[in-house]
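Below you'll find the structure, written out as structure tokens, and then a few comments.
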Amino acid sequence: MRYALVPDPHGPGGRLQPLDEEGAPLGPPEPAPRLAEAVAAVEAAHAPRWVWPTADTAYGPLLAALPVRLARCHDLRLTEALLLGREGRFGAPRSLGAAWSRLRGLPVPADLPEGALPDEDGLFAPDRLQLPPGTDQLEAVVAVHAEQLRRLAAVPDAEARARFRLLVAAESAGALLACEMAHDGLPWRTDVHDALLTELLGPRPAIPGTQPTKLAELALEVQRALGARPFNLDSHTQVIKAFADRGVQLSSTRSWELKSVDHPAAALMVRYKELSRLHAAHGWAWQAAWARGGRFRPEYVVGGVVTGRWASRGGGALQIPRTMRRAVVADPGWLLVVADAAQLEPRVLAALSGDAGLARTAAGGDLYAALAASAFQGDREKAKLGLLGAMYGQTGGGIGPLLSTLRRRYPAAMGYVEAAARTGEDGGVVSSRLGRVCPPPSADWLDLTEAPESGEAGGRSARARGRFTRNFVIQGSGADWALALLAALRRRLAALSSGGDRPHLVFFQHDEVVVHTPADLADAVAAAVADAAEEAAALVFGDTPVRFPLTTAVVDCYGDAK
DNA sequence: TCACCATGCGCC
DNA sequence: AAAGGGCGCATGGTGA
């Protein structure tokens, strides 16, 4: 059973309507003055698939008042985007209003900029959904949903259709989870974070915005070592000039270039940049903005990356420096289960391409070691560099011989990524395993000023797009697997409880999950993660000898995991 | 003054 | 000859 749900623009109410599996109404709209209660009752009775314009507008605001977590949903906006890509209309507006307008032959409104809310209390307002004035929101939800189900049924080839439906379901499960993680937050010990910052940067400046003492001292040391007048170390041009004045030519201030420079100021400069970045990106200002009340609450953007990876908005959730993970500490009586997929992308390549030889190296624990043993005389570093280079489209850096070896030993795997690259160079589109389609060539890829190179098809930008599509099939299919993992894990975690407390996912970063759990459930959670990983592999890749093992740690502190 | 771009670096 | 994918964010610098 399915249930359409729309919240009222203001207040705690909304409307529901039961639907059959084809999306046809099973009854009239049901007004719900207290939406959370009505939803909880329906969930208990039917556990339907909830259909709404977007999870962040319909589910997110409901969470505080909702006594249960909902099992399944169909997010119209995310599904619309997936369908549009598949139908060759990548990037067309995907709001409820846009989908409704296409259905009715009306002018299609452009999407609002991501994250731009009209105003605080306009969060659920119909205008955010871009519906034409006077349109009944519930009617639009029901109609667009039914149409999406028809479009899903129209995907040719039964296997591709089944996989694409899985993608739609997993993407929607991700939307539920993203709302829940934003609501629950990642445990963040402000005092530990403070101590860490103080240790590295000196005491917290009394006046916010002023430079911490250790940064100021380092700046002076750099200037002294260069015998320079005071200059702004945060300005590339001033730094390059200061070094040039001492006869050190820099083409940039990148740390790898500074590290290769033989001058005492260079090392100091590198240290300054490291600390300065920490201060700017994850210092006290960041803490005040994002990590108050013992929780870091980032906003995740499901499908925010074209490959299907998630993005985040505000707080740099997916770029927390490793050193800062020390501040992520489980609540008393709770633990963190940290699990990350070991060498996900090469395993994805092995499973996608069906390369029997590569699959053998991916049947056990350390893929790179197995690869090294069979093709690189045991040199693990070479094996890793070569395989990563093949997946990213790298050709320089002395990697040529490694690629030749791989091409000889693993022709199917290398052929797979090379075919994807050729498709991209020729202007075509490629898909992930579950059927997420990459964007077509855009103006970015068409550099008309580029000089055509003799005897070669396509120029620099064509090859750049080839590298993009080459990587898309891997990164996108890895994201498919991760979404399936999340959905499976979320379902398994919902079945666990200890004295009314439940484990919940608190962090997800491409191929890594963190579960915050009552301590006595930690082993059960670890087992659930392992089971979910296997389920994801079977769902996404079917019958494959490739294993997708996880490295799992049960810890008090995120910084202690691996 | 504001919007935008370039640089550089954190994560995968 | 050389040629590495995807992001978000802070800062300085530029031009309208």
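Labels below follow one simple rule: chain letters A, B, ... track the order of the sequence lines, proteins then strands, and each chain is numbered from 1.
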message: Categorize A:Gly478 for me: base, sugar-phosphate, or nothing, with a 4.0 angstrom heavy-atom threshold over every strand shown.
response: nothing
query: Which residue, A:Arg326, A:His282, A:Gln287, forms the side chain to side chain donor-acceptor pair (under 3.5 Å) with A:His193?
result: A:Gln287
- prompt: Closer than 4.0 Å, any side-chain N/O of A:Lys273 to the OP1 or OP2 of B:dG8?
  reply: no
- prompt: With sugar-phosphate meaning primed atoms plus P, OP1 and OP2, does A:Arg470 contact a base, only sugar-phosphate, or nothing at under 4.0 Å between heavy atoms?
  reply: nothing
Nucleotide nearest A:Ala280 (side chain, heavy atoms from C-beta), chosen from C:dG5, B:dC12, C:dT11: C:dT11
- line: Against the side chain of A:Thr395, the closest entry in C:dA3, B:dC11, C:dG5 is C:dA3
message: Taking any heavy-atom pair under 4.0 Å as a contact, classify A:Gly304: base, sugar-phosphate, or nothing.
response: nothing
query: Whole Å only: how far is the CE atom of A:Met391 from the C1' atom of B:dC12?
result: 12 Å
field: A:Phe296 ring center within less than 6.0 Å of A:Phe507 ring center
entry: no
field: Neighbour count >12 (heavy atoms, 6.0 Å) for atom CG, A:Asp262
entry: no
- prompt: Across the strands shown, which category fits A:Asp340 at heavy-atom distances under 4.0 angstrom: base, sugar-phosphate, nothing?
  reply: nothing
- prompt: Between atom CZ in A:Arg460 and atom P in C:dA1, what is the gap in whole Å?
  reply: 18 Å
field: Phosphate OP1/OP2 of C:dG6: any A:Thr307 side-chain N/O under 4.0 Å
entry: no
- prompt: In whole angstrom, what separates A:Leu278's CG from B:dC11's P?
  reply: 10 Å
- prompt: Quick one: A:Gln509 CD to C:dG6 C1', roughly how many Å, whole number?
  reply: 13 Å
message: Counting only heavy atoms not in A:Arg89 (residues, nucleotides, ligands), do more than 12 fall under 6.0 Å from its CZ?
response: yes
- prompt: Can you find a heavy atom in the side chain of A:Trp290 that is under 4.5 Å from one in the side chain of A:Trp188?
  reply: no
message: Between C1' on B:dC12 and NE2 on A:His510, what's the gap in Å once rounded to a whole number?
response: 4 Å
- request: Give one of base, sugar-phosphate or nothing for A:Ile320, where a contact means two heavy atoms less than 4.0 Å apart.
  value: sugar-phosphate
message: Any side-chain N or O of A:Thr237 below 4.0 angstrom from OP1/OP2 of C:dG13?
response: yes
message: Quick check on DNA chain C: between A:His236 and A:Val306, whose nearest nucleotide comes earlier from the 5' end?
response: A:Val306
- request: Write down the distance between CD (A:Glu512) and C1' (B:dG10), rounded to a whole number of angstrom.
  value: 14 Å
query: So, is A:Arg467 close to the C:dG4 phosphate, meaning a side-chain N or O under 4.0 Å from OP1 or OP2?
result: no
task: Compare all side-chain heavy atoms of A:Trp284 with those of A:Pro205 and state whether any distance is below 4.5 angstrom.
output: yes
message: At less than 4.0 Å, is any side-chain N or O atom of A:Asn471 found next to OP1 or OP2 of C:dG4? Yes or no.
response: no
query: What's the CG-P distance between A:Leu550 and B:dC12, to the nearest Å?
result: 15 Å
field: Nearest-Å distance for atom pair CZ/P, residues A:Arg277 and B:dT7
entry: 17 Å
- prompt: In terms of side-chain heavy atoms of A:Gln475, which of C:dG12, C:dC7, C:dG6 is nearest?
  reply: C:dG6
message: Suppose we call a contact any N or O donor and acceptor under 3.5 Å apart; does that hold for the side chain of A:Arg309 and the base of C:dC7?
response: no
message: Would A:Tyr392 count as stacking on C:dG5 if stacking means ring centres less than 5.5 angstrom apart and planes tilted under 30 degrees?
response: yes
- line: Checking C:dG8, B:dC12, C:dG12 against the side chain of A:Asp234 (C-beta onward), the nearest is C:dG12
